[in-house]
Every structure is written in structure tokens, then in C-alpha cells.
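This report concerns only the one structure given below.
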Amino acid sequence: MYSLGTHCKEIGTSLWYNTLDPVACGRFTDIEALKDPDASWGRLIDAGISAIQTDFPNELRAFLNRDETPQGDRRQGGR
């Protein structure tokens, strides 16, 4: 299935998502990401989100840099 994330990647643009707790959309919040990063940050990345605004940049960076990743591409910079 062709997605907005795929289209944005093809044309060289980014999709931005805000996970800040007071303003986040849906259940993809910083607090939820700290409980289960795969279910929050991981799902956003898998959906094609390439920029995540968070109050927990060190935790997001650790998640992106962990050794074992299901998709194998989360270690790339710029996310």
C-alpha cells in the first residue's frame, strides 16, 4: 500500500510529529513512548515520520541507536 510516508520520502520531504504530552495527537505521546518506545516512536517511524519533537531527546536517541532494531534502519541519522 502506497502511503504518505512513502511519497514524502520519494520527493525528499519530511513528515514531522509532535509527541509532547500537552499537545500530542492520539496516543503517541512522550509518556507512552517512555513506557513502550516500539509502540509509540517505533510505529511513527515505521509509518514514515522522519522528525519527532519530544521533551525526551536523549531517550529517543537511545531508542534510535539501540543495537537490535526490527526494521534495521532506525540507526540512520536525521530521525
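- Here the side chain of Thr13 pairs no donor or acceptor atom with the backbone of Cys8 at under 3.5 angstrom.
- At distances below 3.5 Å, not a single donor-acceptor pair connects side-chain atoms of Ser40 with backbone N or O atoms of Glu32.
- Counting only distance, with no hydrogens or angles, the side chain of Ser14 and the backbone of Trp16 share no donor-acceptor pair below 3.5 Å.
- None of Leu34, Thr54, Asp55, Asp21 except one satisfies the side chain to side chain contact (heavy atoms under 4.5 Å, CB included) rule with Thr29; the exception is Asp21.
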Item checked: Evaluation steps, side-chain contact (heavy atoms from CB on, under 4.5 Å), between Leu44 and Leu15 -> CA-CA 10 Å; Leu44 292 172; Leu15 285 174; over 6 Å; no

Working note: Asn58 + Phe56, criterion side-chain contact (heavy atoms from CB on, under 4.5 Å); need CA distance, chi angles, decisive distance, verdict. CA-CA 6 Å; Asn58 293 332; Phe56 298 93; over 6 Å; no

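- Side-chain contact between Leu20 and Gln53 is present, with at least one heavy-atom pair separated by less than 4.5 Å.
- In summary, Arg66 and Asp38 engage in a salt bridge, as defined by a charged side-chain N under 4.0 Å from a carboxylate O.
- The structure places CG of Asp36 at 10.0 Å from CZ of Arg43, a figure rounded to the nearest 0.5 Å.
- Remark: of the listed residues Leu60, Asn18, Asp30, Leu60 is the sole one forming a side chain to side chain contact (heavy atoms under 4.5 Å, CB included) with Ile52.
- Between Trp41 and Phe63, the two ring planes are tilted [angle within 30° to 60°].
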